Amino acid sequence: MQARKTVQKEQKNSLVPPLIAAIASCVVPGLGQMLAIAVHRGIIILISLVSSIGLLIWRIYEAGKRYSDWKTIIQKAYYLNPFLYVITALIIIGYILNIVDAYQQAKPQRSKATGMIFVILLVFFFQGWEIGGIDMGSLFADADEAVPALTRVMWPWDKAISHPEEYRTTYVEVQSPCTEEPYPSGEVKEDEPYLIADPTCGDPSVVEKSLGTEFHLIGRNFIPGNTIEIWWKDPINNEFHHRVGGDYLIIKPDENGSFDVSVIMPYRTIPPVAGEGPKTWQIQARQLVSVGGAQASQELKLAVEKMIETIFIGMMATFFGIILAIPVSFIAARNLMSHSPLTLAIYYIVRTILNIIRAIEPLIWAIIAVIVVGLGPFAGILALTLHSLAALAKMYSEAIESIDPGPIEAVQATGANWFQVISYAVIPQIIPPFVSFTIYRWDINIRMSTVIGFVGGGGIGFLLAQWIRILDYKAAGIAVWFIAITVAVLDFASAEIRERFV
Amino acid sequence: MLQVRNLTKIYGDGTVALKNVSFEVPDGEFLVIIGLSGSGKSTLLRCINRLIDPTEGEIIWNGVDLCALKGEELRKVRRKIGMVFQNFNLVKRSSVFANVMSGRLGYAGTLASMFGKFDQSDLEMGRGVVERLGISDQMHKRADELSGGQQQRVGIARALMQEPEMILADEPVASLDPVLAHSILKTLEKLNQEDKITVLCSLHYLDLVQRYATSVIGLRLGEIVYQGSKTDIRKMTDEQFKDVYGAEAERIGASIEGGS
Ligand SMILES: Nc1ncnc2c1ncn2[C@@H]1O[C@H](COP(=O)(O)OP(=O)(O)O)[C@@H](O)[C@H]1O
Ligand SMILES: [Mg+2]
């Protein structure tokens with residue numbers, strides 16, 4: 001069969017001698033081949049050379065468009081983008097080969113391979129590389145920066161757990177101003193943290209006049225390692241964070257939980273109405289301590305919540321998809337609709353609509369749904385429902401079309417009525433493919449619902465997009481892990497169920 | 001007694017599949033219909049149980065014109081006519097037993113049967129029929145897991161569940177090898193002789209026809225071109241056979257005769 005075909009092809013002789021063909025291709029690429037009755041070849045050569053030259057001109061203009069005259073544009077373009085040299089060279093080679101090829105094609109004994117097609121492919125490959133902005137260098141150059149982010153995405157689990165903490169305040173009271181009677185210092189305690197001040201009384205700083213009294217603080221029994229803040233509380237309960245030269249004082253107790261530090265009494269801010277006379281001030285040491293055990297972090301809780309939402313978005317979309325697809329599939333089944341021109345017309349219309357709905361990506365449907373019903377899971381459900389309806393109706397109707405009429409005939413012949421025929425001969429035939437397609441759809445819908453959040457369709461994608469935007473890679477990592485685990489589990493489950501049913 | 005009178009079937013596209021066909025089948029007969037592919041055998045058999053509506057003519061069975069029946073009456077008559085098919089026409093994904101029980105649907109309540117429920121006596125009967133046809137080991141398998149011969153036994157079992165007075169068999173052995181062909185035809189012969197079920201069966205091979213038929217009609221292009229009794233068939237020569245069949249005629253080979 002094939003041999004005969006090639007023989008026929010070679011029987012057609014060129015309309016022109018090889019030299020004329022070569023000259024023709026020199027003027028218009030591919031023309032010589034067309035004259036040599038290699039019409040397809042000629043057309044391909046013409047279209048590819050013309051389009052690659054067109055692309056080249058566009059790229060030159062893109063690269064040098066800030067300049068006004070053509071000469072500078074070209075100069076600058078080649079200077080800025082040396083890649084264009086390669087492409088230009090290849091196009092020239094292609095052009096020359098086209099002439100050679102025309103000569104060859106017009107010879108009585110045609111030789112097939114001239115490397116023409118290879119060069120054309122090469123031109124398009126390099127043009128694609130250039131237009132696509134492929135930069136292998138950046139793949140490696142920027143890798144260092146990506147590693148920390150990637151590590152956080154890959155292993156985000158420390159962010160999944162949080163330790164609730166609170167400040168524990170330990171204080172000692174001092175007196176201001178001093179009186180005749182010595183003020184008692186703090187108490188030494190066995191197991192609790194305590195503070196002792198020396199001296200036990202003094203004067204606050206006075207603006208632009210004098211520094212306040214320097215208190216020597218001794219702290220014991222604090223938690224080693226956890227930082228401590230020093231706060232003052234004046235007689236009318238104003239609190240202020242102790243500063244040294246503008247910065248907050250931060251103390252780290254040693255391994256026994258002890259620290260020694262000197263602090264200068266701050267400015268007095270008590271209004272005169274508070275009266276004169278000795279008052280007590282508190283010097284506080286506040287330490288952050290963890291209370292209670294480890295807890296699921298806010299991010300983990302959110303991720304779980306949104307993952308559940310995601311699964312339900314997928315589920316509801318599948319559910320509504322099935323409900324709508326079943327009736328639609330019957331009017332989209334050719335074997336059921338071919339008995340009259342009217343039903344056939346309905347069949348074609350329904351099929352066309354389904355194909356259009358299916359051709360549009362769920363993400364685009366989600367964007368439309370978000371515009372209509374607003375952000376949130378409902379938009380996602382709508383988008384996925386629509387897509388599922390179209391996909392399922394097509395698959396269901398194909399299952400109905402491929403139904404074997406034999407069993408229907410056989411069950412009818414036993415004297416069964418319509419309902420019995422449907423339940424014994426039709427349903428058993430369509431259940432397995434229906435179940436199989438439905439599970440497959442559910443699988444796809446859950447995958448899709450993880451993504452649909454990126455455009456505002458609710459679910460974990462929404463969260464993931466937000467976390468990525470605020471560069472919280474660990475939280476994003478948690479979301480990614482959840483998606484991966486859910487999809488994997490689902491994959492496994494759906495394969496199992498399908499095996500069982502089909 | 002089945003009397004077919006002036007039966008004509010013209011399909012929607014104008015194909016004349018049967019032309020003025022008339023014949024009689026006394027009860028208890030094993031009538032074999034021979035004829036080339038496309039000669040109208042399937043059409044004729046399907047007209048009798050009205051899977052196909054005849055264009056003209058009468059089919060009188062036990063005094064009733066089957067052509068005039070509708071709805072419930074038609075289903076009542078169909079119950080008494082079993083049918084066996086070349087491609088078995090089993091619901092492949094259903095179990096053997098479910099396929100067998102579907103033969104009882106004409107007797108069962110609609111709602112119950114739709115949920116797979118049958119009377120205890122019907123289930124007993126099903127087990128009996130399965131036993132009788134030697135497929136009880138396969139009862140719970142999916143129908144498509146069985147071999148061709150076993151599937152045809154399921155097909156016959158389904159027909160038997162109808163407690164039929166007549167069985168229409170449309171080339172029941174055409175998809176089977178010669179050994180199985182004999183085994184299936186012997187089963188039908190047994191039902192014909194022991195249960196007194198009238199059998200109308202279309203067949204291809206002369207030696208099978210001679211071995212099993214008690215009478216024969218030959219169809220060509222929708223018309224009866226041969227009609228013979230048991231003795232006529234024995235005497236039927238290859239030439240006469242070829243008259244009906246054209247050059248396609250062939251014998252299945254005598255050596256398999258003894259196969260079970
Ligand atoms: N549904 C149909 N529509 C139109 N023509 C049909 C149909 N079924 C069968 N025929 C035609 O009727 C003729 C008889 O067919 P059939 O009864 O199947 O013959 P057989 O069973 O002897 O092979 C053939 O010409 C066939 O093409
Ligand atoms: Mg047939």
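Not measured: the values here are computed from a predicted model. Order of the sequence lines sets the chain letters (A, B, ...), proteins ahead of strands, with each chain counted from 1.
Rounding to the nearest 0.5 Å places CG of Asn89(B) at 6.5 Å from CG of Asp404(A). Distance check: Ser423(A) OG to Leu105(B) CG gives 7.0 Å after rounding to the nearest 0.5 Å.
Contact annotation: the side chain of Thr414(A) never approaches that of Arg78(B) to less than 4.5 Å [non-hydrogen atoms, C-beta and beyond]. Taking the side chain as every heavy atom from C-beta outward, Val91(B) and Tyr424(A) never approach each other to under 4.5 Å. Looking at Met83(B) and Glu409(A), their side chains never come closer than 4.5 Å, going by heavy atoms from C-beta outward. No side-chain heavy atom of Pro428(A) sits under 4.5 Å from any side-chain heavy atom of Arg93(B).
The choice from Arg50(B), Arg158(B), Arg75(B) that makes the most heavy-atom pairs within less than 4.5 Å of chain A is Arg75(B). In terms of non-hydrogen atom pairs under 4.5 Å with chain A, the most contact-rich of Phe118(B), Phe88(B), Tyr107(B) is Phe118(B).
When heavy atoms are compared at a cutoff of 4.5 Å, Ile81(B) approaches chain A solely by way of its backbone atoms N, CA, C and O. Heavy atoms of Ser94(B) lying under 4.5 Å from chain A belong exclusively to its side chain. Of the two parts of Lys92(B), only the side chain, counted from C-beta on, holds a non-hydrogen atom closer than 4.5 Å to a non-hydrogen atom of chain A. For Met114(B), the parts lying near chain A are the backbone and the side chain together; criterion is any non-hydrogen pair under 4.5 Å. Within the 4.5 angstrom heavy-atom criterion, only side-chain atoms of Asn49(B), from C-beta onward, approach chain A. The parts of Asn417(A) that come within reach of chain B are both its backbone and its side chain, each placing non-hydrogen atoms under 4.5 angstrom from that chain.
Atom CD of Glu56(B) has 12 or fewer neighbouring heavy atoms from other residues, nucleotides or ligands inside a 6.0 Å radius. Heavy-atom contacts from other residues, nucleotides or ligands closer than 6.0 Å to CZ of Phe23(B) number more than 12. With a 6.0 Å radius and a threshold of 12 heavy atoms from other residues, nucleotides or ligands, Phe454(A) has its CZ atom above the threshold. Dense packing is recorded around CH2 of Trp365(A), with more than 12 heavy atoms of other residues, nucleotides or ligands lying under 6.0 Å away. Within 6.0 Å of atom CZ in Phe419(A), 12 or fewer heavy atoms from other residues, nucleotides or ligands are found, so the atom counts as exposed in its surroundings. Annotation: Glu131(B), atom CD; neighbour count of heavy atoms from other residues, nucleotides and ligands within 6.0 Å does not exceed 12.
For the residue pair Ser113(B) / Gln420(A), a side-chain donor-acceptor distance below 3.5 Å is found, with atom types taken as modelled.
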